[in-house]
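So the structure is just underneath, and the comments pick up after that.
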Amino acid sequence: MNIHKTALVHPDAIIGEDVEIGPYTIIGPDVKIGKGTKIGASVVMEGDTQIGQNCQIWTGAIIGNLPQDLKYKEEKTRVIIGDNNIIREYVTINRGTISTGETTIGDNNLIMAYAHIAHDCVIGSNVILANVVTMAGHVVIEDKAIVGGLTPVHQFVRIGTLAIVGGGSRAAKDVPPYCMAAGTPIRIFGLNTVGLQRNNFPKHVKAQLKRAYKVLFRSKLNTTQALNVLEKEPNISDELLHMISFIKESERGICKE
């Protein structure tokens with residue numbers, strides 16, 4: 001371990017091998033930090049906070065602080081962060097509330113400067129949140145999604161796998177998997193074909209998703225009718241099944257073209 005002499009690390013905190021902690025950082029008693037993680041200057045980690053291995057946490061980040069929710073009554077809740085995450089300057093990540101008990105972040109994510117992740121959010125893996133993405137409570141962002149800078153995300157909104165939200169948007173409805181969306185109000189602008197290509201999706205899966213997009217967003221069918229059509233697709237792929245289930249489970253409704 002390499003802990004700067006000005007850092008305040010509670011003796012009950014669990015610090016892994018080869019962890020670096022920068023000057024004036026404060027680590028609370030219930031914090032666990034995995035091996036190889038590097039923590040910059042003036043970082044604050046408090047509450048029941050678990051950080052995985054080989055993360056980078058930059059200057060001024062605040063992780064595990066109280067949720068900004070008036071219903072919170074000092075319940076014991078936590079933050080769980082996986083491995084290989086990059087958390088840039090002044091990011092804030094609140095612990096959960098009694099509703100779910102935790103705020104969770106997967107592996108290999110890039111969370112850029114000044115982003116805010118509120119209580120009870122669930123972030124998958126390989127996600128990119130650009131500068132000043134501002135997430136309300138209970139937001140879900142699935143694997144490999146990208147959210148552009150200066151984007152507020154309404155509480156309970158879900159952003160699907162490999163979806164892209166353009167910077168400066170206002171995400172008040174769910175963004176289906178594999179789609180691109182932007183604007184205020186937010187609208188769908190097509191499939192994330194570049195993402196599908198880069199992730200080596202098979203040709204038949206890409207073709208199925210393209211057809212699904214046309215049925216959902218460019219036919220005269222309503223959403224329920226479109227889903228009924230798509231569920232009858234022969235040799236239905238896991239990706240299309242995921243898109244269908246994501247839309248069926250939507251509580252806020254999905255954004256449209």
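For this chain, numbers begin at 1 and follow the sequence in order. Reckoned from all heavy atoms, side chains included, excluding hydrogens, waters and symmetry mates. Predicted model only: the values in this text are computed from it and were never measured.
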Step by step, work out the side chain to side chain contact (heavy atoms under 4.5 Å, CB included) result for M135 and H154. CA-CA 7 Å; M135 295 167 54; H154 195 284; over 6 Å; no
Side-chain contact test, heavy atoms from C-beta onward, threshold under 4.5 Å: evaluate it for K35 versus I15 and give yes or no. no
Would you check, one step at a time, whether the test side chain to side chain contact (heavy atoms under 4.5 Å, CB included) holds for Y114 with N131? CA-CA 6 Å; Y114 292 96; N131 300 300; 5.9 Å; no
Please examine the side chains of L216 and L230, heavy atoms only from C-beta on, and report whether any two atoms are closer than 4.5 Å. yes
Heavy-atom pair of closest approach, residues K71 and D69: N-OD1, 2.9 Å
Transitively linked via ILVMFWY side-chain contacts under 4.5 Å: V229 with I236? yes
Hey, is the main chain of E20 close enough, under 3.5 Å, to the side chain of N2 for a donor-acceptor pair? no
Distance from I86 atom CD1 to L110 atom CG, nearest 0.5 Å? 5.5 Å
Would you mind reporting whether P177 and E142 have side-chain heavy atoms less than 4.5 Å apart? yes
Going by distance alone, is a donor N or O of one side chain under 3.5 Å from an acceptor N or O of the other, for Q208 and S237? yes
Quick one, M112 with L129, criterion side chain to side chain contact (heavy atoms under 4.5 Å, CB included). Give me CA distance, side-chain angles, the key distance, then yes/no. CA-CA 6 Å; M112 297 187 194; L129 303 180; over 6 Å; no
Shared hydrophobic cluster, F217 / L191 (ILVMFWY, side-chain heavy atoms < 4.5 Å): yes
Exceeds 12 heavy-atom contacts within 6.0 angstrom, atom OH of Y72: yes
Hydrophobic cluster membership, with links at side-chain heavy-atom distances under 4.5 Å among I/L/V/M/F/W/Y: are F189 and M243 in one? no
Taking the side chain as C-beta and beyond, is there a heavy-atom pair between I186 and V175 under 4.5 Å? yes
Within 45° of the ring axis of F246 and under 6.0 Å from its six-membered ring centre, is that where the NZ or CZ of R158 lies? yes
Does atom CG of N235 have more than 12 heavy-atom neighbours, drawn from other residues, nucleotides or ligands, at distances under 6.0 Å? no
Is it the case that more than 12 heavy atoms not belonging to R252 sit under 6.0 Å from its CZ atom? yes
Can you tell me how far NZ of K206 sits from CG of N199, rounded to the nearest 0.5 angstrom? 10.5 Å
Applying side chain to side chain contact (heavy atoms under 4.5 Å, CB included) between I105 and each of I51, I80, I117, report the one that passes. I117
What is the ring orientation for Y178 with H242, classed by angle as parallel under 30°, tilted 30 to 60°, or perpendicular over 60°? perpendicular
Strictly distance-based, threshold 3.5 Å: is any side-chain N or O of T25 a donor or acceptor partner for the main-chain N or O of V44? no
Can you check side-chain hydrogen bond (donor to acceptor under 3.5 Å, both in side chains) on D143 and T161, steps first, answer last? CA-CA 5 Å; D143 294 350; T161 302; 5.9 Å; no
Using every non-hydrogen atom in the two residues, find where A130 and A115 come nearest and quote the distance to one decimal. O-CB, 4.3 Å
With distance as the sole criterion, is a donor-acceptor pair present between the side chains of S125 and K144 under 3.5 Å? no
Roughly how far, to the nearest 0.5 Å, is the OG atom of S99 from the NE2 atom of H119? 8.5 Å
Kindly indicate whether the side chain of L227, heavy atoms from C-beta on, has any atom under 4.5 Å from the side chain of I247. yes
Which atoms form the tightest heavy-atom contact between A118 and A136, and what is the distance? CB-C, 3.5 Å
So which heavy atom on R95 is nearest to which on V79, and how close? CA-CG2, 3.4 Å
In terms of hydrophobic clustering (I, L, V, M, F, W, Y; side-chain heavy atoms under 4.5 Å; direct or indirect links), are V9 and I63 co-clustered? yes
Does the side chain of I39 reach to within under 4.5 Å of the side chain of Q56, using non-hydrogen atoms? no
For residues H116 and T134, is any side-chain donor paired with an opposing acceptor at under 3.5 Å? no
Write down the atom of N228, the atom of K232, and the distance for their closest heavy-atom approach. O-CG, 3.5 Å
Out of curiosity, D83 CG to D107 CG, how far, rounded to the nearest 0.5 Å? 5.0 Å
Pair T100-D120, side-chain donor/acceptor within less than 3.5 Å: yes
Search all heavy atoms of A181 against all heavy atoms of S169 and return the closest pair with its distance. O-OG, 4.5 Å
Checking the side chain of T37 only, and the main-chain atoms of V19 only, is there a donor and an acceptor separated by less than 3.5 Å? no
Stepwise, does the salt bridge (charged side-chain N to carboxylate O under 4.0 Å, His left out) test hold for K248 with E231? CA-CA 11 Å; K248 279 187 167 183; E231 286 179 320; 2.4 Å; yes
Should V157 and L150 be counted in the same cluster of Ile, Leu, Val, Met, Phe, Trp and Tyr side chains packed under 4.5 Å apart? no
Rounded to the nearest 0.5 Å, the CD1 atom of I159 sits from the SG atom of C179 at a distance of 12.0 Å
Side chain to side chain contact (heavy atoms under 4.5 Å, CB included), that's the test. Do I33 and Q50 meet it? Break it down for me. CA-CA 6 Å; I33 302 173; Q50 179 177 315; over 6 Å; no
Ignoring hydrogens and geometry beyond distance, is a side-chain donor-acceptor pair present between Q225 and K220 at under 3.5 Å? no
Quick one, E102 and R78 - any side-chain contact, counting heavy atoms below 4.5 Å? yes
Whether the E257 and Y213 side chains hold a donor-acceptor pair (N or O, under 3.5 Å, no angle test) is what I'd like checked. yes
Output the distance between atom CG (N54) and atom CG (D18), rounded to the nearest 0.5 Å. 9.0 Å
Side chain R170, main chain T184, donor-acceptor under 3.5 Å: no
Sole candidate of K73, E74, E75 that passes side chain to side chain contact (heavy atoms under 4.5 Å, CB included) when paired with I98: E75
